[in-house]
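As a basis for the values below, the full set of heavy atoms in this structure was taken, side chains included, without hydrogen atoms, waters or symmetry mates. All values reported here derive from a predicted model rather than from experimental measurement.
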Amino acid sequence: MREVIGSVYDYRCGKDLNMFGQVVGFLFRQEPDREEKTEFELSGLIAEELEVMGQKERRAVLRRAGLNPDQYDF
């Protein structure tokens, strides 16, 4: 068992990990908390551009993006 654990941790250098241990630590590190994006942000549409459009054109663009135009107020 020491051979298996010894291959991950380098006991001769105290708490330092050997190269394999560093790679494993990098691969399994926790991702930083990310904010979840809304459907509108994921659609790639720009709100400023939609504000200057006419109502019919804006509704058509929102529908093409897969969004419900009744949920958004510009």
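- Residue L45 comes nearest to F40 through the heavy atom pair O-CE2, 3.8 Å, listed as atom of the first residue, atom of the second, then distance.
- Within a 6.0 Å sphere centred on CD of E41, other residues, nucleotides and ligands contribute more than 12 heavy atoms.
- With rounding to the nearest 0.5 angstrom, the CD atom of E36 is 9.5 Å from the CG atom of L42.
- Annotation: side-chain hydrogen bond (donor to acceptor under 3.5 Å, both in side chains) contacts involving residues 44-57, sequence neighbours excluded, are absent.
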Got a list of side-chain donor-acceptor pairs under 3.5 Å for residues 64-74, not counting sequence neighbours?
from	atom 1	to	atom 2	distance (Å)
N68	OD1	D70	N	3.1
D70	OD1	R59	NH1	3.0
D70	OD1	R59	NH2	3.2

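- Smallest separation of non-hydrogen atoms from R58 and L50: NH1-O, 2.6 Å.
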